[in-house]
Amino acid sequence: MLYQLSEVEQLLDTGPGLYVRFSAGYAADLEEGSVDAESGLPLPGLAAQLLDPEPWWTLPRSEWIARRLSRLPAPRHPSPDGPRPEPFAWLLRGRPVGRGPEGETLLTDVEVVGRLAECLIEQADRVWGARFDAELGRRAADAEAEPVSVAHA
């Protein structure tokens, strides 16, 4: 169990390719399989979000991690099959095999790295909220994308 953003940063120091997933855990994911909820099509791997900062990110790495963790998706619809195990955030490494319908990385050959304690997610929310316009980010994520014009020099 990981309790601090600094612990996630230390894991990033061991090498790139650290991902976060929000689910009922690896065992449940293996049992259920990976399926696109809308189409019902099987996915070739588990959907996860990369925690490695992008090369253009020049702010502290902890703020990138906080931003990514603060935007974890939560299940929006109850399961038609009845009660399910409570989902949680966990870290993993794996081999990318494609992209999911929301652009997330699909991973196979998964190695479970650790589970994120709720206090770590709360810490990420505080860091992100203090550094960024959290309400603007939430509105932008909920709104449809507007066309953007990029001028080339």
Side-chain angles (χ1 to χ4, degrees), residues 1-5 7-57 61-125 127-129 132 134 136-148 150:
M1 185 76 75
L2 297 137
Y3 297 95
Q4 298 287 323
L5 283 173
E7 293 175 277
V8 178
E9 280 194 89
Q10 289 172 355
L11 289 168
L12 282 170
D13 288 340
T14 66
L18 185 64
Y19 294 83
V20 64
R21 178 167 167 79
F22 189 77
S23 74
Y26 186 54
D29 290 341
L30 284 177
E31 186 177 307
E32 291 181 14
S34 200
V35 176
D36 174 33
E38 289 182 32
S39 69
L41 294 172
L43 297 172
L46 295 179
Q49 299 294 326
L50 183 64
L51 285 180
D52 301 2
E54 289 291 330
W56 55 264
W57 186 261
R61 185 170 58 174
S62 62
E63 293 177 357
W64 175 271
I65 297 166
R67 185 176 183 172
R68 301 296 286 170
L69 295 180
S70 292
R71 293 180 178 208
L72 284 175
R76 295 183 188 164
H77 306 287
S79 170
D81 302 327
R84 298 176 64 178
E86 189 70 28
F88 57 89
W90 55 284
L91 300 180
L92 61 154
R93 294 186 188 275
R95 184 173 57 86
V97 292
R99 294 272 178 205
E102 304 299 324
E104 67 279 22
T105 305
L106 299 176
L107 301 171
T108 60
D109 302 330
V110 169
E111 170 199 347
V112 176
V113 176
R115 182 174 175 167
L116 304 183
E118 187 60 34
C119 62
L120 191 156
I121 303 298
E122 291 167 359
Q123 179 188 21
D125 288 342
V127 167
W128 181 57
F132 303 103
L136 175 64
R138 285 191 184 99
R139 284 194 312 268
D142 291 339
E144 289 185 1
E146 294 182 24
V148 177
V150 178

With side chain to side chain contact (heavy atoms under 4.5 Å, CB included) as the test, would you mind laying out the steps for Tyr26 and Arg21 before giving the verdict? CA-CA 9 Å; Tyr26 186 54; Arg21 178 167 167 79; over 6 Å; no
Is the closest side-chain heavy-atom distance between [X] and [Y] below 4.5 Å?
X      : Y      : result
Leu2   : Gln10  : no
Thr105 : Gln49  : no
Pro96  : Leu107 : yes
Arg61  : Leu12  : yes

Minimum heavy-atom separation for [X] and [Y], please, with both atom names.
X      : Y      : result
Trp90  : Val112 : CZ3-CG2, 3.8 Å
Arg93  : Leu18  : NH1-N, 3.6 Å
Gly45  : Thr108 : CA-CG2, 4.0 Å
Ala124 : Leu69  : CB-CB, 3.9 Å
Ala48  : Leu92  : CB-CD2, 4.3 Å
Ser23  : Asp29  : OG-OD2, 2.9 Å

Taking the side chain from Thr14 and the backbone from Leu11, do they hold a donor-acceptor pair closer than 3.5 Å?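 Present.
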Please enumerate all residues that pass salt bridge (charged side-chain N to carboxylate O under 4.0 Å, His left out) together with Glu104, with sequence neighbours excluded.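 With neighbours one apart ignored, the set is empty.
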Contacts of type salt bridge (charged side-chain N to carboxylate O under 4.0 Å, His left out), residue Arg95, not counting sequence neighbours: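 Here the qualifying residues are Asp109.
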What is the distance from atom [atom1] of [X] to atom [atom2] of [Y], rounded to the nearest 0.5 Å?
X      : Y      : atom1 : atom2 : answer
Ser62  : Arg67  : OG    : CZ    : 13.5 Å
Tyr3   : Glu118 : OH    : CD    : 12.5 Å
Arg99  : Leu43  : CZ    : CG    : 13.5 Å
Trp64  : Leu50  : CH2   : CG    : 8.0 Å
Leu116 : Leu5   : CG    : CG    : 9.0 Å

Using a 6.0 Å cut-off, check whether atom CD of Glu38 has over 12 heavy atoms from anything other than its own residue.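 No.
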With sequence neighbours left out, write down each residue that passes side chain to side chain donor-acceptor pair (under 3.5 Å) with Asp36, or none if nothing qualifies.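 Counting only residues at least two positions away or on another chain, Asp36 forms a side chain to side chain donor-acceptor pair (under 3.5 Å) with Ser39.
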